[in-house]
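Worksheet for the structure shown next.
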Amino acid sequence: MNTFRAPKGTYDLLPPDSARFLAVREAMSAPLRRAGYGYAETPGFEHVGLFARGVGESTDIVTKEMYTLTTRGGDELALRPEGTASVLRAALEANLHKSGNLPVKLWYSGSYYRYERPQKGRYRHFSQVGAEAVGAEDPALDAELIILAVEAHRSLGLREVRLLLNSLGDRTCRPVYREALQEFLRGLDLDEDTRARAEINPLRVLDDKRPAVREQLAGAPLMSEHLCADCAAYHARVRELLTAAGITFEDDPRLVRGLDYYTRTTFEFVHDGLGAQSAIGGGGRYDGLSEMIGGPALPSVGWALGVDRTVLALDAEGVGPELPPATEVYAVPIGEEARSALFALVTEVRRAGVAADFAFGGKGMKNAMKSADRSGARFALVAGDRDLAAGEVQLKDLASGEQTAVALDGAVEELVRRLGRS
Ligand code: AMP
């Protein structure tokens, strides 16, 4: 038995399952790449202060879930719990916002870390694909991002994703609402922790899932009733654009999110086949974040889609992206001379764009044919001394068992033809 195991709340991605993860990441980023989003990659860790200020001092992410460390040099760092603050920090640091070409549109993909209580769909190391559009206040940009996420879900074949939509107002109307909500919450019978939360971040109380709290929240004032004229018009426009694009959404006036930086448009994608961890992605507008981390005013909007949970959603619906075969052709040499000839042929086959593998390790013919079958390849290329002397190689269809001799120097063309590539 191995001495070491993967740390609690983490899991390894290995073949064959890992292919689905790659396909999901690809499907999530493809619509972004077609819409002018450029790839961004930032470090896996940042100064703690970036998240404390950016995500919010009172959020669960910052108070309970960050993996923090002090370096030998005395820097306080944290493994990134989310992507937005890092990507905005990077864009500001590189002065992308001064390029004269706003919004700056970026997408990213990577690992994120939260010290959460692990359960199915909730891990301490997970994977997201995200997008940020920095430096423009335009309802069409909010709509664009939502549409691109929906395209990703559609291209994966997911049918049971619901889009929840809300507006959290801005610095004009939210404080007024916040006070009204606080006033209401003070009149409820809440435990000490929740009362404390109501004082620091009352909107988060609306998200409480406990039935006893939910019941009392039935008559709570809602942000939608308190939106200022600008926010209401902005939100109406986002809704109009989504409707015109044929996007179905549900207004969810109680949708708040676990991060403090959101303003105006907020949304979440949920999948009902996943149980408690149903959010497969979410995002919104964060007009104040740049200033919160020391930058200029840069109204922005973004989202992050969870790769792990999206794979679980595909499992739940029994659908999946079309995966190209890992190996299409498997070469089986018989004897030393054939090893050299077939090894060279495999390289040529690969250069022609066909996925090919080789019976490494000097295994015998029987074992090598077993490996060929297991690889999922459609064809085996088999050759021994006699074949080579005749300038030929045997091309075996692994499904039908039918075998034909083809000229060694025409084998690549023949394979390409049989695979329907030419
Ligand atoms: P958030 O930044 O919390 O809105 O996360 C965006 C998306 O990332 C969520 O909708 C989930 O799909 C995914 N996600 C967040 N936290 C976790 C986690 N601990 N484990 C797996 N996926 C997660």
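From a predicted model like this one, the values you see are computed outputs, not experimental measurements. Residue numbers start at 1 and run along the sequence shown. Start at 1 and go down the list; that is how both ligands and their atoms are numbered.
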Legend entry - ligand 1 N/O within reach of Leu305 N/O, cut-off under 3.5 Å: no
Inset, instruction - Count the heavy atoms belonging to other residues, nucleotides or ligands that lie under 6.0 Å from OH of Tyr115, then report whether that count exceeds 12. - result: no
Inset, instruction - Give the numbers and elements of all ligand 1 atoms closer than 4.0 Å to a heavy atom of Gln128. - result: 2 (O), 5 (O), 6 (C), 7 (C), 8 (O)
Inset, instruction - Using a strict 4.0 Å cut-off to heavy atoms of Ala304, name the atoms of ligand 1 that fall inside it. - result: 6 (C), 7 (C)
Legend entry - Short side-chain donor-acceptor distance under 3.5 Å, Tyr234 and Glu137: no
Legend entry - Phe184 CZ: over 12 foreign heavy atoms closer than 6.0 Å: yes
Inset, instruction - May I ask whether Asp308 places a heavy atom under 4.0 Å from ligand 1? - result: no
Inset, instruction - State, with a plain yes or no, whether a side-chain heavy atom of Lys105 is found less than 4.5 Å away from one of Leu141. - result: yes
Legend entry - Within 6.0 angstrom of Glu192 CD, more than 12 heavy atoms from elsewhere: no
Legend entry - Donor-acceptor pair between Glu144 and Tyr37 side chains, under 3.5 angstrom: yes
Inset, instruction - Mark up the atoms of ligand 1 that fall under 4.0 Å of a heavy atom belonging to Gly281, in ascending order. - result: 10 (O), 12 (O)
Inset, instruction - Could you list which atoms of ligand 1 come closer than 4.0 Å to a heavy atom of Arg122? - result: 19 (N), 20 (N)
Inset, instruction - Take every heavy atom of Glu82, measure it against each atom of ligand 1, and state whether any distance is under 4.0 Å. - result: no
Legend entry - Contact atoms of ligand 1, heavy-atom distance to Phe126 under 4.0 Å: 14 (N), 15 (C), 16 (N), 17 (C), 18 (C), 19 (N), 20 (N), 21 (C), 22 (N), 23 (C)
